[in-house]
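Please read the structure below before turning to the comments.
Convention: sequence-line order gives letters A, B, ...; per-chain numbering from 1. All values derive from a computational prediction rather than experimental measurement.
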Amino acid sequence: MPFCSHTRIVCARTRRRLSISPEKRGGPEPRDLAPREDVGRPALKPGGIAERARAAMGIPAAPTRPSYLDGLNPEQREAVETLDGPVLVLAGAGTGKTRVLTTRIAHILSQGRAYPSQILAVTFTNKAAREMKERIHAMVGDTVEGMPWLGTFHSIGVRILRRHHELVGLKSGFTILDTDDQLRLLKQLIAAEEIDEKRWPARMLASAIDGWKNRGLTPEQVPAGEGAAFANGRGQMLYAAYQARLKALNAVDFGDLLLEGIRLFRENPDVLAEYHRKFKYILVDEYQDTNVAQYLWLRLLAQGSRNVCCVGDDDQSIYGWRGAEVDNILRFESDFPGAKVIRLERNYRSTGHILAAASHLIAFNEGRLGKTLFSEGEKGEKVTVTGAWDSGEEARAIGDEIEALQRAGHALSQIAILVRASFQMREFEDRFVTLGLNYRVIGGPRFYERAEIRDALAYLRCVISPADDLAFERIVNVPKRGVGDAAIKQIRDVARAAGVPLMEATRLLTESEELKPKLRSTLRGFVQSFERWREQAENMKHTELAEVVLDESGYTEMWQKDRSAEAAGRLENLKELVRSMEGFENLSGFLEHISLVMDVDSGAGDDAVQIMTLHSAKGLEFDTVFLPGWEEGLFPHQRALDEQGKAGLEEERRLAYVGITRARASARVYFASNRRIHGMWNSTVPSRFLDELPDTHVDVQESKGGFGWGGTTGGYGGGNSYGASRFDNPAPFASSYATPGWQRAQNARNESGGTKGGFGGSGGGYGGSRRGGPVIEGTLIAASTGAPSAFSAGERVFHIKFGYGEITAIDGNKLTVLFEKAGEKRVLESFVEKV
DNA sequence: AACGAAGCGTTTTTT
DNA sequence: ACGCTTCGTT
C-alpha cells in the first residue's frame with residue numbers, strides 16, 4: 001500500500017484529532033483563480049482550502065504568525081516565504097532542505113495562494129515523493145491528498161501524457177517499457193539490420209539512446225558524429241527505428257515520459273498554456289540531479305507563473321554519470337533572471353569536527369557555487385582514519401568497533417557502512433555472519449526486477465492488453481511449451497503480414513493449417529486461456545485472477561517442479577506479488593504503479609547495521625558512519641578518473657563529501673594496504689582524499705591488527721606506520737606525504753607526466769604490477785576533461801599494445817581505431833599517440 | 001531442450 | 001577469481 005488514506009489523523013504538532021471526510025479532500029478546481037495580491041493576509045473564503053489547512057494545522061484563523069514558521073532560521077524562513085518569482089535554495093548537507101520544501105508548500109496553502117491541485121512538486125525518487133507527502137501531511141493533514149501533482153518527474157510525465165496521448169501519437173492505455181523489453185526490442189532491430197550483435201551489443205545502443213534522451217535529443221537532433229558512432233554510422237537510424245517501433249507498439253520508455261512531454265508542450269502551445277494557468281507554484285527537489293531533458297521540461301512549465309523554487313546542493317551532485325547536469329544548478333540565475341538565491345549553511349546534523357572535515361575536503365573542488373557550512377553544536381569526535389593491512393582486516397576492525405558500540409548501548413540501526421562499490425559489501429557480510437551481527441544490505445537487485453516477477457507481470461499484461469507484443473514474447477514459451485524460435489518467427493511473420501499483434505497472429509495461425517498438429521493445439525490452448533482469463537477478469541477480484549493465471553498457465557507449477565535452491569524463494573516472491581496487488585483497485589492500476597515504482601517497501605525491520613553504497617546513502621543520516629576502502633583506484637574510482645578526468649575526480653570527491661556528511665556524531669574512515677580486485681591481490685595507495693582531510697579535525701588510528709601503512713612487513717621500507725607519524729605531526733599532510741607509499745605514488749606521477757600515453761603501459765588501470773605499485777593517473781586528468789578530442793578521424797596513431805592503426809570514429813575520449821595487426825578496436829584516446 | 005564450454009565484464013542506479 | 005550469459009553441441 002503506497003499511501004495510507006486515513007480519514008482520521010492526529011496532528012503531531014497539536015495532538016488534536018482531525019476528521020476530514022474523503023469527499024471533502026482536495027477542494028474544487030477553480031476555473032479561474034486570480035493570484036492574490038494581498039500577500040500578508042489573504043481573505044479567507046469560508047470553508048475554503050486555506051481555512052481548512054489552517055484548521056488542520058491547529059492554526060487559528062486570527063492573524064497571528066503561523067506556527068509552522070516557528071523554529072525556522074532566518075534563511076529557511078526566507079526560502080519559505082519568498083513566494084513570488086524564481087528562487088534557488090542552495091541547501092548544504094543537513095541544513096533542513098526537506099523541511100524548507102515542505103513548509104513552503106504548507107505556507108502556500110495556508111496563505112491561500114493556491115489550491116493543492118495547483119502546486120507542482122517534483123522529486124527524483126518515489127521514496128522522496130513519499131517522504132515529502134508524509135511530511136506535508138503532518139503539517140496540513142489530508143489537504144495533501146488533493147495534490148495530484150506531487151510526484152517524481154516520471155510519474156508526473158505519465159500523468160500529462162495520458163491526458164494528451166492523442167497529441168503525441170499514442171493510443172490510450174499505452175504501456176511503459178522496462179529495460180528488459182527495451183533490450184529485447186533493440187536486439188530485434190539490430191538483427192533486422194544484419195548488424196553483428198557481438199560487435200555492437202544492444203546494451204551499448206540502449207545506453208546511447210538513453211544518453212540522447214537524457215539530453216533531450218530526438219533522433220533528428222542527435223549530432224551527426226555521435227549518431228554515427230554506433231554500428232558504422234547507423235546509430236541514429238536505429239534510434240529513429242526504435243522510436244517508430246515504440247509508437248507501433250503503443251509504448252514509451254522512461255526517457256519518452258519527459259521527451260514526449262517536451263514535444264507535446266512545444267507543438268501545442270495551447271496545452272502548455274493550460275498547464276501554465278494550472279501550476280501557480282513549482283517546486284523541485286534535488287535540482288542538482290536534473291538532466292537536460294528534465295531541465296527543458298521544467299523550464300517550459302516554469303515559464304508560466306515563474307514561481308519556481310529549486311532546492312539543491314551542487315556539492316552533492318553524484319549522478320553525472322547518468323546524465324545529471326550540475327550546470328543546471330550553476331546556471332539557474334541566468335535561466336531565471338531576477339532569481340533569488342538563498343543559501344542554507346547552518347547545519348543541524350553533524351558535530352563540528354565532522355562538518356569541518358567535510359567542508360575542507362569539498363573545498364578542493366573547483367566550479368562550485370560555494371557554501372560555508374557551520375554549526376553551533378558541539379565539536380564532538382574527530383573524524384578517524386584507520387589503516388588496515390587488507391580488506392579482511394578492515395572488516396574485522398569495523399566489526400570490532402561496531403560490537404563495542406553495541407555494548408555501549410548504540411542502536412545498530414544508527415550505524416552504517418558506506419562503500420564505494422558493491423563488491424566491498426561481501427567482506428562485511430561474511431564478517432558479520434561470523435560475529436552474529438545483524439546487518440541489512442540496502443540496494444541490490446530489486447523485487448520487480450526478478451525474473452519470476454517479470455514473467456508473472458508479463459502474463460498479466462497480456463491479459464490486460466492483448467496487443468502487448470513484448471510481454472507476449474516473454475512468456476509464450478515460459479514455462480516451456482515447445483514453442484521454439486522457429487515457431488516465434490512464424491508468428492511474427494504472420495503478425496507483420498496481417499498487421500496485427502502477436503497474440504492475434506497466433507490465433508490466426510492456429511486456425512490455419514500451417515502448424516504441426518502438436519504445436520497448433522498448444523498454441524490454441526495458450527490463446528484460449530488468455531481469452532478465458534480476459535472474460536474472468538470482468539467479474540473476478542484482480543488478486544484472484546492473478547492466482548488463476550499463474551496456476552492455469554503452469555507458471556507456478558514450473559517453479560514447484562524446480563528443485564534448485566532459489567525455487568522456494570521465487571514462489572514466495574510470487575505470493576508476495578499477489579499480496580502487494582491487494583492495495584490496488586484493479587489490475588491496470590497496479591501495473592501502472594509498478595512500471596513507475598520499481599521498489600517495494602522493505603519494512604523497517606529489526607535493529608541492524610546498514611550496509612549500502614555511498615550513492616544510495618544520499619539523503620540519509622546515521623549516528624555513526626564507517627567509510628571503508630579509501631584507496632586510490634577504488635575511491636576515487638579508477639574508471640571515474642579514466643573516463644571523466646577531472647570532472648570524474650570532482651564527482652568522486654563529492655561522493656566522499658556525501659559520505660562524511662551522513663554522520664551525525666561519528667565518521668570513521670578506513671583504507672586497506674592490500675585489496676583483492678578480480679581475484680588478484682594488489683597493494684594499494686591511500687586515497688588522495690585522506691590528505692584532503694584537515695589534520696586538526698582528524699584522528700589517525702592504529703589498526704587493531706597492528707598493521708598500519710607499511711609497518712612491519714619490510715616490503716615498504718622502514719617508515720613509521722602511516723597512523724602514528726601523521727598523528728604525531730601537527731603540520732597538515734606532511735607526514736602522509738612522507739610515507740613510502742605516497743612517495744612511490746608521487747614518483748609514478750612525475751615519471752608519467754609529460755608524455756601522453758605514459759599511463760597504463762603495463763596493462764594499466766587500478767593495481768598495476770605488484771612491485772612497481774599501482775600506476776597512478778597523471779596526465780590523464782588534464783588530458784580528458786571533456787574538451788573536444790585532439791584527434792580526428794583518418795589520423796594514424798600508435799597504441800602501446802595494438803601497434804599502428806587509423807582512426808575510424810571518435811566518441812568523446814574513446815576512439816575506434818582500425819589497427820594494422822589487431823583489427824578494429826575501441827580504445828581510450830589517452831592510450832594512443834599520434835604518429 | 002538440456003547441458004557444458006566458452007566468453008565477458010567486473011562503479012555508482014532511478015524511473 | 002568468479003559469476004553470469006551466450007553459444008554450440010548432443
Side-chain angles (χ1 to χ4, degrees), chain A residues 122-129 151-159 176-183 187 197-199 201-204 207 210 213-214 252-259 261 285-286 289-291 293-294 297 317-324 418-426 442-446 448-449 451 477-487 558 562 592-599 612-619 629 633-644 648 651-652 654-656 658-659 675-682 765-767:
Chain A
V122 275
T123 63
F124 275 85
T125 63
N126 293 294
K127 192 169 158 229
T152 62
F153 275 99
H154 294 87
S155 65
I156 290 167
V158 183
R159 203 187 179 88
I176 303 162
L177 296 198
D178 61 31
T179 31
D180 263 19
D181 296 332
Q182 212 178 346
L183 229 45
K187 273 190 186 148
E197 228 243 85
K198 285 244 184 62
R199 201 121 88 78
R203 306 192 142 279
M204 196 191 258
S207 71
D210 220 46
K213 290 193 172 180
N214 282 339
V252 292
D253 64 15
F254 280 113
D256 288 338
L257 296 179
L258 294 162
L259 217 51
D285 192 16
E286 305 277 21
D289 288 338
T290 48
N291 60 37
Q294 286 155 342
W297 185 89
S317 162
I318 55 175
Y319 286 110
W321 52 274
R322 65 175 197 213
L418 310 183
V419 298
R420 176 62 183 82
S422 37
F423 76 85
Q424 292 173 263
M425 293 178 176
R426 194 151 160 199
I442 312 287
R446 284 167 302 165
Y448 292 115
E449 279 168 9
N477 200 30
V478 178
K480 297 272 191 299
R481 310 187 161 84
V483 184
D485 287 346
M558 177 181 97
D562 189 318
E592 169 90 8
H593 174 79
I594 53 154
S595 63
L596 292 170
V597 182
M598 294 296 276
D599 63 340
M612 67 188 91
T613 63
L614 286 159
H615 284 89
S616 39
K618 193 171 74 156
L634 177 58
F635 191 37
H637 200 281
Q638 191 62 48
R639 255 179 98 159
L641 302 177
D642 288 351
E643 287 168 15
Q644 304 291 327
E651 183 153 311
E652 295 286 297
R654 289 193 290 270
L655 207 44
V658 167
R675 189 175 293 277
R676 197 163 48 176
I677 302 276
H678 313 323
M680 277 227 306
W681 282 99
N682 287 107
Y766 173 37

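Nearest heavy-atom pair, A/Ala202 versus A/Lys187, reported as atom, atom and distance to 0.1 Å: CB-CG, 3.7 Å. Of all heavy-atom pairs between A/Met425 and A/Ile442, the closest is CE-O, 4.2 Å.
By the 4.5 Å heavy-atom criterion applied to side chains, A/Leu596 and A/Thr152 are not counted as neighbours. By the 4.5 Å heavy-atom criterion applied to side chains, A/Gln294 and A/His154 are counted as neighbours.
C/dC4 and B/dT11 have their P atoms separated by 15 Å, with the value rounded to a whole Å.
Separating the CD atom of A/Glu651 from the P atom of B/dT11 is a distance of 15 Å, rounded to the nearest angstrom. Atom-to-atom, CZ of A/Phe423 to C1' of B/dG9 comes out at 14 Å; the value is rounded to the nearest Å. Atom CG of A/Asp181 and atom P of B/dT15 are 17 Å apart (whole Å). Rounded to a whole Å, the CD1 atom of A/Ile318 is 10 Å from the C1' atom of B/dT13. For the pair A/Gln182 CD and B/dT15 P, the computed distance is 15 Å after rounding to whole Å. The distance from atom CD of A/Glu643 to atom P of B/dG9 is 13 Å, rounded to the nearest whole Å. One interatomic measurement links the two molecules: CD1 of A/Ile156 to C1' of B/dT14, which rounds to 15 Å at whole-angstrom precision. We find that CG of A/Asp256 is positioned 13 Å from C1' of B/dT15, with the value rounded to whole Å.
Using a 4.0 Å cut-off, no side-chain N or O of A/Arg322 falls inside it from OP1 or OP2 of B/dT13. Checking the phosphate oxygens (OP1, OP2) of B/dT15, a side-chain nitrogen or oxygen of A/Asn126 falls inside 4.0 Å. Taking 4.0 angstrom as the limit, A/Lys187 places a side-chain polar atom (N or O) nearer than this to OP1 or OP2 of C/dT6.
In the set B/dA1, B/dT13, B/dT11, the nucleotide with an atom closest to the side chain of A/Tyr319 is B/dT13. Checking B/dT10, B/dT15, B/dT13 against every side-chain atom of A/Ser616, the shortest atom distance belongs to B/dT13. Comparing C/dC7, B/dT14, B/dT11 by their closest approach to the side chain of A/Lys198 singles out C/dC7. Relative to the side chain of A/His637, the nucleotides B/dT14, B/dT11, B/dA2 differ in distance, and B/dT11 lies closest. Listed nucleotides C/dA1, B/dT15, B/dA1 differ in distance to A/Asn477; the shortest reach to its side chain belongs to B/dA1.
Stacking between A/His615 and the base of B/dT12 is absent under the criterion of ring centres within 5.5 Å and planes under 30 degrees.
Counting any heavy atom pair closer than 4.0 Å across all strands shown, A/Ser422 reaches sugar-phosphate atoms only and no base atom. Backbone-only contact: A/Gly482 has heavy atoms under 4.0 Å from sugar-phosphate atoms and none from a base. Nucleic acid contact for A/Arg446: base, since at least one base atom lies under 4.0 Å from a heavy atom of the residue.
To the nearest 0.5 Å, atom CD of residue A/Gln638 and atom CD of residue A/Glu652 are 10.0 Å apart.
Mapped onto DNA chain B by nearest heavy atom, A/His154 and A/Ala640 fall at different nucleotides, with A/Ala640 at the one closer to the 5' end. The nearest heavy atom of DNA chain B to A/Pro201 and to A/Thr613 marks one nucleotide each, and the one closer to the 5' end goes with A/Pro201.
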Show, in sequence, the C-alpha distance, side-chain angles and deciding distance for A/Trp321 and A/His615, and conclude whether the ring pair (Phe, Tyr, Trp, His ring centres under 6.0 Å) test is met. CA-CA 12 Å; A/Trp321 52 274; A/His615 284 89; 5.7 Å; yes

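As the counterpart of B/dT11, no nucleotide is assigned, since no Watson-Crick or G-U wobble pattern has both distances under 3.5 Å.
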